[in-house]
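Step one of this worksheet: look at the structure below.
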Amino acid sequence: MSLMSYLGAIGAAQREAMDADERVIIIGEDVEANVYGTTGGGKSRADKGDFLQMYGRDRIRNTPISEEAIVGFAAGAAMTGLRPIVDLSYSSFLYMAMDQFVNQVAKNRYMFGGQASMPVVFRSAMFYGLNTGAHHSDRPYPMFMNVPGLKIIAPSSPSDAKGLLRYAIDSDDPVLTFEACLLWGSKEEVSDEEYRIPFGKARIAREGTDVTVVAISSSVPEAVAAADAMAAEGVSVEVIDPRTLVPMDTRAILESVSKTGRLVVAEPAHRTCGAAGEISAIVSEEIFDALKAPIIRVTAPDMQIPFSPALEKQMYPNRITIADAIRKVAGLR
Amino acid sequence: MSLMSYLGAIGAAQREAMDADERVIIIGEDVEANVYGTTGGGKSRADKGDFLQMYGRDRIRNTPISEEAIVGFAAGAAMTGLRPIVDLSYSSFLYMAMDQFVNQVAKNRYMFGGQASMPVVFRSAMFYGLNTGAHHSDRPYPMFMNVPGLKIIAPSSPSDAKGLLRYAIDSDDPVLTFEACLLWGSKEEVSDEEYRIPFGKARIAREGTDVTVVAISSSVPEAVAAADAMAAEGVSVEVIDPRTLVPMDTRAILESVSKTGRLVVAEPAHRTCGAAGEISAIVSEEIFDALKAPIIRVTAPDMQIPFSPALEKQMYPNRITIADAIRKVAGLR
Amino acid sequence: MIKQEAKGSSMAAPTKDQMLEMQRRMLRIRYFDERASKMVKRGHIPGTVHTSIGQEAQVVGATMALRDEDYMTGNHRSHGHPIGKGSPLGPLMAELVGKATGVCKGKGGSLHLADFSVGSLGESGIVGSSIPIAAGAALSASVLKKSHVSLAFFGDGAANQGVLYESINMAGVWKLPVIFLCENNQYALSTPAHTVTSGVIADRAAGFGIFGVRVENGQDVLEVFNAVSEAAARARAGEGPSLIEVVTYRFNEHSEGLRIGTDYRDPEEREQWLKRDPIVLFRNHLIAEGHFTAEELDALEAEVLAEVDEAVRFTDESPYPEPETAFADLYTDKEEQFA
Amino acid sequence: MIKQEAKGSSMAAPTKDQMLEMQRRMLRIRYFDERASKMVKRGHIPGTVHTSIGQEAQVVGATMALRDEDYMTGNHRSHGHPIGKGSPLGPLMAELVGKATGVCKGKGGSLHLADFSVGSLGESGIVGSSIPIAAGAALSASVLKKSHVSLAFFGDGAANQGVLYESINMAGVWKLPVIFLCENNQYALSTPAHTVTSGVIADRAAGFGIFGVRVENGQDVLEVFNAVSEAAARARAGEGPSLIEVVTYRFNEHSEGLRIGTDYRDPEEREQWLKRDPIVLFRNHLIAEGHFTAEELDALEAEVLAEVDEAVRFTDESPYPEPETAFADLYTDKEEQFA
Ligand SMILES: Cc1ncc(C[n+]2csc(CCOP(=O)(O)OP(=O)(O)O)c2C)c(N)n1
Ligand SMILES: Cc1ncc(C[n+]2csc(CCOP(=O)(O)OP(=O)(O)O)c2C)c(N)n1
Ligand SMILES: [Mg+2]
Ligand SMILES: [Mg+2]
């Protein structure tokens, strides 16, 4: 075990996968210079752990700013023997390649009757909450959840980041990872061994009996903090992190809500057609009778993200708004 | 009043708007030759009603196949005095321009503090159900519903098509229309006068007291047919067509479900993070106590669309699957 | 044929066998597409099909210049490419009809044919969308040190999609073994290329530092073959990508059954082009040069016609897929969990 | 400066007043950006800023060649463009800090400055994304028969985004009055342009049938001014778009506060470029040619410094926006219903 940051864990998973399989390559803007911190040991190419030094230009591919071609090249390469990891840096840049994601990456295997497999991972990080304005603050994973054929993960801790990414790289299907820039610095003890966390298995971030909170990405630590605060008010809150959004571990969610009868869903994406709405719909479809109160969603509003520090913070769920929702669903106000 | 097809109604709204305001222009692939049937009177340029003859090349703009630039040009033009109608033909092609939709069209007015307005309409039709395979069969409106700043309409009848499109063209905000190719041929008496249907007002397609069905796009006639069939079984079904998905007339939906206590939501989009999930979540959030049974969604599964006629039909809601859901929600099976 | 610069080693002329194979494949495309057209009109094929009738030289000249293992992607005008690459006709025809024996099990249909066994990585219904896929296959060849070349077919219409230039640029800096082949049949649906194309497509190569060539007589299978052979040789020699624009003409409407009036295309223009039928031209050439007799070529035509008949028979006798197969092949694992 | 062909009417040399205004605007950019850089480091400006320090000649040469009413879009290197176009400094600085008096009411921030009052239609945090917006403004001018020209600023990195070529092509066939101006500062973040650019950016114009020019000495404001003036004249004369590549250099890091090591950029290279400071060069030129005295230019510098001080004072004294304003300005009507 080592104390590892979320970002470091991602770097570690990439390094292990690069070492394990020569077909794994990294493609992306500024990956050579380790600008985003997952392809090197430090700030200099001379630093120990620098990917370019270790794997060479053939496998560490600095690209032009051409997201659509980057994604398409990776898809074509994945169908013909490589296993690319594509670093798209900000999630807000995925739109540039939307056609490739939806029409090629997600559909090819199906359309071709299973002739192709598509072992490729597309990494990006959601940079919200950092006063970078509307162009850099998107949390667009819900729209990709509406596209069958993609698998989607959103790790919320260093050990999940490492294990899920490794599983993603080993998977023969296309995976999109939505990392959370806000969590980059969070640290915990992470195994130095190789390990993989299979998709479709939620993590119970905190056990409880009165209210279930399903939280996504950076809302997980906020939900845990809210749960801690609620314990003081005598409410026992269970926090579930689905970790993988497609496939979603609905069983774990349903089991928890069957027990608690009360559900809050918290996520940083926009409200309409978000993951929270989906989870709410599934739960009321499946275990309507178990529900003791209406499900409450705590999400970003259907509004773009303003730049000013005086405006931005209120846009995302936090421990206070989550705790308010818990109180409400528990009938405490 | 004239007997008008859905497609004819769209053509009529465009013609009226072109006549009323010189700033309205039409941009798109193959609009000159009236390939998609909304910019002409017939198949020949000599035919009466041909838009190119009537408005000239300056206002009827045949484009290269460059969707991203088309959308971007239209956005730039809309911010500087024109009011473009963009014909993108198939909804499956919108992905090509996703960055322009999300990062420019939806965000500009907000990011610039209201300096710009964006009076532009993006038309496309969902061509599903016609054995054209996965690339041409998408129903991607839910992902656009997750993007604040866009308004989204999905007319299901000729008179709605005309009135909603006209309102869209007159609107100072960007509007995406998702038309339904399956409905192109449907006909009804439509007013020859100019009229506008304001956004955010649902249409009660059929009144009823026992079960509410909220249906979207081509699911509306299927829901009405299911309701007719259920009347024979003694179940009175109310069918609500939201018509505009953003803004959504939640009040009309809530009023109906408050009355019936039972809700089925039918739509042709994929299930996960679709509009049906959103509507389900809203209803159980708002009027949980009024619900007598779990809400049922009838949607396309989370699967891509196969080509073969032996495979495709089962992918979308139809009168039979909707009627089954009605029976279930009504406790009849 | 205007060449900008010729770097590749000069190509050997095609052998007699190769020429016969060229004519065979052109005939396969012609007869297959003619039959498909009829089947659309009779309602035996659902959806829509786009024929390559009139463009056979451009297709076959290109595919015959590739090796069997080389990769290829295409577009909506989709049957010619895999046929040209050597794909058997039965599963292709069965796919068009949506049978379980189709090359994509009935899931793709005309627009999305793919036959990985002959390096066909997929046609695409989305204009321009498959171009970077071909370049990605070339990236595999490059990283895995294989000798594959990859070729992307696309139309004059697709030549205005930005992803083409992103792909050209990135393949250019990485010197990938990929050929961008523009089938300039002078129209994109109803839109004449010259009304939506600024400059000359082949000339766009130069600004991106790659080799560019315009094959003016795309009705001559040998001209196309030579141009693509040179590009493939350059690619295999590590000299990077090429952009080849082939001038040709589609004899049929944009898609079968589509009626958009003829206003956009001068009937007289079409008449002139019909006289430049690539199959007739090559037949005459083969006879004139003494490579084959008329009788030999008649026999070839009969043989190919029988092949197409056989493909239709195969199709007719094949079952439709079971409805539940619609729910397989999306993911490689535990597919049922998503159904 | 290498010209491909000069169609536009030859330009009048800039007047003395114009030259003084050029120097003034270059100074405004320099001092504004220097101050902004300090404010980022002190935490007074949240998020990130990208300075145009070192690139002032390229920015101002372009904007001064436009008329006040002409349109412009830009990118993340965003302050120089509106300043060059004549936008007052106070609301720009207030925007960087996120104050209510900001030019975008604090909603845009550094990356998304826009000042419609001077034709600035918006900077863009998404590389390449604002290029078609500028072309769309040119479409308005064309359809509405106005004389506006529109200019899109973008970097060497953005020159590999496909939307640029889609825009060039469509503007080319429609002969729109738009100028595509590539600020080639030789790096995109950590990536040297030559490692990701196949061919020469300006040369890409030719294949798209539009005018292309490379301004080799982008540190000389007059060279840039002349090139853009010619392009603007051509545009107004109905001769269509131009692609202008200006070679320049950014003196600072990609963004202020960013530390990505210096491995990607040779410190020696930077030293050489620092000697080619566009403001110093132009100052020397103005004195050498006898247009202005050193004292006059010193006074100008003091004046601009005071302007920047005033902008900061304006910013400091301005209130932050009320939280509920975050929920306005998304739509033109009934905004509350969406909040
Ligand atoms: C992205 C996209 N835009 C538009 C279409 C509709 N469409 C299908 S084929 C076609 C014309 C294509 O022209 P070209 O590339 O020249 O190929 P050709 O049909 O002439 O062989 C169009 C506009 C599409 N399928 N995909
Ligand atoms: C679509 C997109 N991809 C990547 C980025 C991240 N990014 C921001 S600036 C930049 C470099 C831009 O280089 P260039 O266009 O040359 O402009 P410069 O910064 O040199 O002025 C990159 C990669 C982005 N903002 N948008
Ligand atoms: Mg064509
Ligand atoms: Mg640069």
Side-chain angles (χ1 to χ4, degrees), chain A residues 22-23 25 27 56-59 61-84 96-97 99-100 102-120 148-151 171-174 198-200 246-248 250, chain C residues 71 73 95 102-109 111-117 119 121-122 124-126 128-146 148 150 161-171 173-174 176 321 325 328-334 337-338:
Chain A
E22 294 231 313
R23 298 168 304 170
I25 64 170
I27 309 180
R57 279 228 161 68
D58 228 35
R59 295 179 65 201
R61 298 223 160 222
N62 228 30
T63 64
I65 308 179
S66 305
E67 284 82 5
E68 194 172 0
I70 293 169
V71 172
F73 275 45
M79 296 198 309
T80 51
L82 290 176
R83 305 181 72 85
M96 315 294 291
D99 171 63
Q100 290 299 315
V102 179
N103 282 321
Q104 301 291 334
V105 173
K107 290 178 182 168
N108 276 0
R109 177 178 165 77
Y110 185 78
M111 291 194 306
F112 303 154
Q115 289 181 77
S117 70
M118 188 71 82
V120 51
L150 306 176
K151 292 181 175 175
S171 160
D172 283 331
D173 294 317
F199 291 179
V246 178
M248 172 85 72
T250 48
Chain C
Y71 298 121
T73 65
E95 187 63 32
V103 68
C104 303
K105 304 183 192 163
K107 285 183 184 157
L111 282 167
H112 312 115
L113 296 178
D115 186 349
F116 279 58
S117 71
L121 305 181
S124 168
I126 305 293
S129 186
S130 61
I131 295 169
I133 303 291
L139 174 62
S140 283
S142 172
V143 174
L144 299 171
K145 314 266 180 288
K146 296 194 178 161
H148 296 73
S150 190
Q161 289 285 29
V163 72
L164 172 61
Y165 302 97
E166 294 188 4
S167 300
I168 286 177
N169 179 66
M170 202 150 84
V173 288
W174 288 350
L176 298 184
T325 64
D329 290 328
L330 186 62
Y331 297 99
T332 57
D333 61 347
K334 305 193 208 74
Q337 92 183 72
F338 298 96

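All of these numbers come straight from a predicted model, not from anything done at the bench. In what follows, chains carry the letters A, B, and so on, assigned in the order in which the sequence lines appear, proteins first and then strands, with residues in each chain numbered from 1.
Both the backbone and the side chain of Gln115(A) come within less than 4.5 Å of a heavy atom in chain C. For chain A, no part of Leu111(C) is nearby; none of its heavy atoms comes within less than 4.5 Å. In this structure, chain C has a heavy atom under 4.5 Å from the side chain of Asn103(A), while its backbone stays farther away. With a threshold of 4.5 angstrom between heavy atoms, Tyr165(C) does not approach chain A through any atom at all. Heavy atoms of Ala106(A) lying under 4.5 Å from chain C belong exclusively to its backbone.
Inter-residue side-chain proximity for Lys145(C) and Asp58(A) is flagged as met; some heavy-atom pair is nearer than 4.5 Å. When side chains are defined from C-beta on, Arg109(A) counts as touching Asp329(C), because their heavy atoms get closer than 4.5 Å. Side-chain contact check for Leu139(C) versus Arg61(A): some heavy-atom pair is nearer than 4.5 Å. Side-chain contact between Asp333(C) and Lys151(A): present, with at least one pair of heavy atoms (C-beta onward) separated by less than 4.5 Å. Counting only heavy atoms from C-beta outward, the side chains of Leu144(C) and Glu22(A) never approach each other to under 4.5 Å. You'll find the side chain of Met170(C) reaches within 4.5 Å of the side chain of Ile70(A), heavy atoms only.
Here Thr80(A) contributes atom OG1 and Ile133(C) contributes atom CD1; the two are 9.5 Å apart, rounded to the nearest 0.5 Å. In this structure, CZ on Phe112(A) lies 9.0 Å from CG on Leu113(C), to the nearest 0.5 angstrom. Atom CD1 of Ile131(C) sits about 9.5 Å away from atom CD of Glu68(A), to the nearest 0.5 Å. Taken to the nearest 0.5 Å, the OG atom of Ser124(C) stands 6.5 Å off from the CE atom of Met111(A). Summarising the geometry, atom CD1 belonging to Ile25(A) is positioned 7.0 Å from atom OG belonging to Ser140(C); distances are rounded to the nearest 0.5 Å.
Ring geometry, Trp174(C) versus Phe73(A): the interplanar angle exceeds 60°, so the pair is classed perpendicular (tilted spans 30 to 60°).
Pairing each heavy atom of Phe116(C) with each of Ala116(A), the nearest pair is CZ-CB, 3.5 Å.
When each of Thr325(C), Asp115(C), Asn169(C), Leu164(C) is checked for heavy-atom pairs under 4.5 Å with chain A, Asp115(C) comes out on top. Interface summary for chain C: among Met79(A), Arg23(A), Gln104(A), the most heavy-atom pairs under 4.5 angstrom belong to Gln104(A). Ranking Lys107(C), His148(C), Lys146(C), Glu95(C) against chain A, the residue ahead of the rest is Lys107(C), based on heavy-atom pairs under 4.5 Å. Of the listed residues (Ala114(C), Gly108(C), Ala138(C)), the one with the most heavy-atom contacts under 4.5 Å to chain A is Ala114(C).
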